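Quantities reported herein were computed from a predicted structural model and do not represent experimental measurements. Numbers here simply count residues along the sequence, with the first being 1. First listed ligand is number 1; within each ligand, the first listed atom is number 1.
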Amino acid sequence: MNLKYALIAVSMCFSCGGTWAQSQIINAYARDNRSLNGEWHAIIDPYERGRHDMWKNRKPQNNNEFREYSFDEGIVLNVPGDFNSQLPELKYYEGTVWYGRYFDMPEPATGETLLLYFAGVANVADIYLNAEKIGHHEGGFTPFQIDITGKVKDKDNFIAVAVNNNRRPDAIPAMNFDWWNYGGITRDVFIIRLPEEHIADYHIRLDKRDPKLIHADVALSRPIAGRSVTISVPELNISKVLTTDSEGKASTSFKAKNLVRWDIDNPKLYDVILTTEKDTVAEEIGFRNIKTEGTEILLNDRPVFLCGVSFHEEIPQRKGRAFSQADAAMLLNEAKDLGVNFIRLAHYPQNEHIVRMAEKMGFMLWEEIPIWQGIDFGNDSTQAKAVRMMSEMVNRDKNRAAIAVWGIANETRPSEARNAFLAKLKETAQSIDDTKLISAAFDNSSWNKDKKCWEINNDPALDLVDIVGINKYVGWYENWRADPSEMGWNVKPEKPLIFTEFGGEALYGRHGNGEAKWSWSEDYQADLYRKNLMMFENVVNLAGVSPWILFDFRSPTRFSPLQGLEFNRKGLTSDRGQRKEAWYLMRDYFNTKNKDR
Ligand code: GCU
């Protein structure tokens, strides 16, 4: 580890208001990057004492001076990675941690644009460079960047990132959620070197319905008219030259005769190269159509049943955030063995390694921002944060064919404010990329005992979605009010419906008492799954099932030492990768369903 470091403190200024970070560069990982991953020095500051000057990294100048801080020889944290899992004293920590390190610019930066890029910092970040505050960002799961052109020296630059993971009522997520509140510089950090005039953004996708029509929008970093931008897809013998308008933008549409569409059984990606006189960027892009027709989801004009599962961005064996390619492979390979074709990346945008690897493996994805239960829907600044987070997520992943669904909420209750808030999120997502379907997970179904069916009454948000997502824990949080084979569902029968969450808890290896929830036995969990699958057969508009959840995961809201303290045990697979009886039951179910396509 080429570590030039010193203490550099970071001040957490709870500067209110939006983010200082600028709009994000597309396909950041493919650019000319200098990684800042590795060991950073840090200081834990629960009382926010350092904000006045710690980030100046000042040393005593004479015998009459001293400093109340020094990180030299202090604690070291690995970046990327959450801080909670790196030091025992940080396990439950919610507050400010100061990060910092020195770096040199390997080649003098002359005339390029330099962007400091963060793939994710949980949850509020304030950034300093050479003792100057340069940025602020809120939201732990989307990338942001800061233009540092002209602000760096060849040697001994001093970068500081302040990180705070306190929960707040006006934040997203808010005060209470069922996953570990990991904080830290949880994803990659790097400096991107770009020509001053570069390709800043593009969106290249198949038409929503036409299987051969490709649309492309490109934007340069400067509003300059008359620049030529070439888009080529060598394998399709396509090369289009566009000319930018006064905003530095250009658009085109073209037919691709021999196009092979990306599909779950053939996740075909094409090399797409964009070039200008000064810049080149290469991307792998899949082209597919997805839509709903009646109660069916059609992928490339063929009905597809979503054989799904959810997972958190967490490696349970390490009890920490997932952040690497290897972590992505571990999670996705377990999903592949289960036989799924669809993954709900719960409950927040996960890192780009997971998204891109899932696309290469042929998984359809559901992505969402953490609009999880008790959000302060009536707060304008909360809505502004949600709109920005949704924009950051959709902008990062709009070129990913694997994404089938933008999720706009999880378990929220109807109200005027919430209905308007969700409509705004749908509009935000579709204004950037309308080639994905819109859904939300509803947990407000109620039992109609006369009709012997579950229904959702008076929720206008059902009209916002293309696909209805249902979270329902019959056999766990709900009891069986009738024989599963007699229980119906009457929710938006004219739209596709998927069970986005169902299941129950089991401690791997615990058997017996199969009739008792309190047993946390594999027997009880498997029986619960059998009954739910039986019930699902009565759902006339069933288009998919996605058990909650692939792996046991950590949550500070799970208190029983008998069930493996601080773990939610609804996993089909334990936190040590051991497959429970229900795992095999779902694998067999998915095998039958996959054959139907
Ligand atoms: C909810 C929620 C999940 C949570 C689950 C549970 O449906 O969406 O995030 O983990 O219930 O209680 O296990």
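- Considering only residues two or more places apart in sequence or on other chains, D588 meets the salt bridge (Lys or Arg N to Asp or Glu O under 4.0 Å) condition with none of them.
- Applying the salt bridge (Lys or Arg N to Asp or Glu O under 4.0 Å) test to E293 and every residue at least two apart in sequence or in another chain returns K291.
- Between the side chains of D188 and N37, at least one donor-acceptor pair of N or O atoms lies under 3.5 Å.
- Here F502 pairs with Y529, F536 under the ring pair (Phe, Tyr, Trp, His ring centres under 6.0 Å) rule; sequence neighbours left out.
- Listed by chain and number, D178, H347, W372, N410, E411, N471, Y473, Y477, E501, W548, F553, R558, N568, K570 each place a non-hydrogen atom less than 4.0 angstrom from ligand 1.
- Salt bridge annotation for E352-R187: absent, with no cationic side-chain nitrogen under 4.0 angstrom from a carboxylate oxygen.
- With hydrogens and angles ignored, the 3.5 Å screen pairs no side-chain donor or acceptor of R510 with any backbone N or O of S521.
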